[in-house]
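Everything below concerns the one structure shown next.
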Amino acid sequence: KEKVVLALGNVGGIAAVDDRISVVKKEPESIFHEVKKGDTLGKIAAHYYGDAKKYNKIFTANKPMLKDPNKIFPGQKLRIPK
């Protein structure tokens with residue numbers, strides 16, 4: 001569910017996503033982070049997990065929107081799994 005909302009919300013010209021999707025198997029909700037200038041997945045991982053080396057957890061959670069962990073851009077919204 002979160003991946004669908006995230007993918008739709010990261011399309012140019014989309015201001016909001018009306019989330020009325022229901023799921024059969026619920027998982028813990030993630031936090032969403034808007035990428036700021038100077039952010040890297042390592043910096044974001046250090047902020048949320050206390051360990052920059054956990055950047056791959058964020059990268060994996062945001063595939064296929066992200067194709068390279070070194071290419072994130074200000075304004076993107078990333079899912080930060082718990």
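- Remark: R79 CZ to T60 OG1 distance equals 10.0 Å, nearest 0.5 Å.
- Residues M65 and K77 approach most closely at CE-O, 3.6 Å, considering heavy atoms.
- I72 CD1 to F59 CZ: the interatomic distance, rounded to the nearest 0.5 Å, is 11.0 Å.
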Under 3.5 Å, which donor-acceptor pairs link side chains of residues 45-53 to any protein atom two or more places apart or in another chain?
{"unit_1": "Y48", "atom_1": "OH", "unit_2": "H33", "atom_2": "ND1", "d": "3.0"}
{"unit_1": "Y49", "atom_1": "OH", "unit_2": "P81", "atom_2": "O", "d": "2.5"}
{"unit_1": "D51", "atom_1": "OD1", "unit_2": "K53", "atom_2": "N", "d": "2.9"}

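- When all heavy atoms of S30 and I80 are compared, the closest pair comes out as CB-O, 3.3 Å.
- Qualifying side chain to side chain contact (heavy atoms under 4.5 Å, CB included) partners for K71, counting only residues two or more places apart in sequence or in other chains: D68, F73.
- Across N56, N62, I58, a single residue satisfies side-chain contact (heavy atoms from CB on, under 4.5 Å) together with L41, and that is I58.
- With sequence neighbours left out, K36 forms a side chain to side chain contact (heavy atoms under 4.5 Å, CB included) with E34, D39.
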